[in-house]
Amino acid sequence: MRSRLRKNDGFGLVELLMAMTMLNIGLLAVVAAFSSGIVSLNRASRVTTAAVLADGQMELYRAITYTSIHLDPASVPTVAPYTTDSAYNASQITASCPGLPDECNASRQAPGADGKSYRVDTYIVSTTPTGGRAVKRVTVVVRDYTKLSFVYARQVSTFDQSTG
């Protein structure tokens, strides 16, 4: 009986199975880390592209005079997610824009440098700071075009009458 217990027959196989199990756990952890990294890089790419689109939209308003900063009323959506955004106000500054240039378009589809489509929503409201004169607050929100509930970028800027 003792000699039978002292034999190492099959012990190498048990060691091999344990080593393979440990190696498998390690490899699965590495695969999970790579998968998480890919998701993070994809998200960062979309956020960066959206920020560039939002900045480009805001630059359109910086290039025009104060009186020209408005939205075409026909381009203002009346459904969510445009109307449910915190920047939305029913009394937005609107006026007719012949040809509907991008600075007058309240909601438009824009292609990103990454080849994906984004929705650029613009809100323009008049506000008066305490003890100040009226300013126009422009908010640009960039959303995923296929999943409008995902907001990737939001930029807010105020324009004073001194801008011409």
Side-chain angles (χ1 to χ4, degrees), residues 25-164:
I25 291 170
L27 287 175
L28 287 175
V30 170
V31 168
F34 278 126
S35 176
S36 173
I38 289 170
V39 169
S40 294
L41 284 174
N42 188 26
R43 169 95 174 139
S45 169
R46 296 195 79 143
V47 167
T48 302
T49 302
V52 168
L53 288 172
D55 192 48
Q57 183 72 15
M58 198 61 80
E59 286 299 320
L60 294 173
Y61 295 107
R62 292 185 182 118
I64 59 178
T65 62
Y66 179 81
T67 55
S68 300
I69 298 174
H70 56 268
L71 299 171
D72 190 282
S75 72
V76 178
T78 57
V79 295
Y82 189 87
T83 57
T84 57
D85 195 273
S86 60
Y88 177 75
N89 188 325
S91 60
Q92 294 196 79
I93 301 172
T94 59
S96 180
C97 293
L100 195 62
D102 286 343
E103 62 268 16
C104 287
N105 199 341
S107 185
R108 65 183 177 92
Q109 180 180 358
D114 57 0
K116 295 177 175 68
S117 292
Y118 296 85
R119 179 169 152 173
V120 180
D121 290 337
T122 307
Y123 306 86
I124 303 175
V125 294
S126 180
T127 62
T128 305
T130 306
R133 63 181 174 193
V135 295
K136 292 181 181 178
R137 185 179 68 228
V138 177
T139 305
V140 177
V141 179
V142 181
R143 296 179 166 84
D144 186 332
Y145 194 74
T146 57
K147 299 174 187 165
L148 295 175
S149 60
F150 291 151
V151 174
Y152 288 124
R154 178 181 298 269
Q155 253 187 38
V156 180
S157 189
T158 55
F159 295 87
D160 186 72
Q161 295 171 6
S162 63
T163 59

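Closest non-hydrogen pair, V120 versus A110, comes out as CG2-CB, 3.9 Å. Between Q57 and N105 the shortest heavy-atom distance is NE2-O, 4.3 Å. A pairwise comparison of heavy atoms in A87 and R154 identifies CB-NH1, 4.1 Å as the closest pair. Closest approach of S96 and P98 over heavy atoms only: O-CD, 3.9 Å. P77 approaches A106 most closely through the heavy-atom pair CD-CB, 4.2 Å. In this structure, A54 and V140 approach most closely via the heavy-atom pair CA-CG1, 3.8 Å.
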Output a table of donor-acceptor pairs, distance under 3.5 Å, between side-chain atoms of residues 39-52 and any protein atom two or more places apart or on a different chain; print 'none' if there are none.
from	atom 1	to	atom 2	distance (Å)
S40	OG	S36	O	3.1
T48	OG1	A44	O	2.8
T49	OG1	S45	O	2.9

List, one per line, each side-chain donor-acceptor pair under 3.5 Å for residues 112-119, sequence neighbours excluded.
from	atom 1	to	atom 2	distance (Å)
D114	OD1	K116	N	3.1
D114	OD2	Y118	OH	2.6
S117	OG	Q109	NE2	2.9
R119	NE	S107	OG	2.9
R119	NE	D121	OD1	2.8
R119	NE	D121	OD2	3.3
R119	NH2	S107	OG	3.4

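We find the CG-CD distance between D55 and Q155 to be 5.0 Å, quoted to the nearest 0.5 Å. Rounding to the nearest 0.5 Å places OH of Y66 at 9.5 Å from OG of S162. Annotation: the span from Q92 atom CD to R137 atom CZ amounts to 10.0 Å, rounded to 0.5 Å. Atoms OH and OG1, from Y82 and T122 in turn, are 7.0 Å apart once rounded to the nearest 0.5 Å. Taking CD1 from I69 and CD1 from I93, the interatomic distance works out to 8.5 Å, rounded to the nearest 0.5 Å. Put simply, CG on L28 and OG on S35 are 12.0 Å apart, with the number rounded to the nearest 0.5 Å.
The number of heavy atoms from other shown groups lying within 6.0 Å of OH (Y88) is above 12.
L100 is not listed as a side-chain neighbour of R108, based on a closest heavy-atom distance of 4.5 Å or more. At a threshold of 4.5 Å between non-hydrogen side-chain atoms, the residues T94 and H70 do not count as touching. Side-chain atoms of Y123 and N89, non-hydrogen and from C-beta on, never get closer than 4.5 Å to each other.
Not a single donor-acceptor pair under 3.5 Å links the side chain of K136 to the backbone N or O of I124. D72 places a side-chain N or O within 3.5 Å of a backbone atom of C97 that can act as its donor or acceptor partner. In this structure, S157 contributes its side chain and V138 its backbone to no donor-acceptor pair below 3.5 Å.
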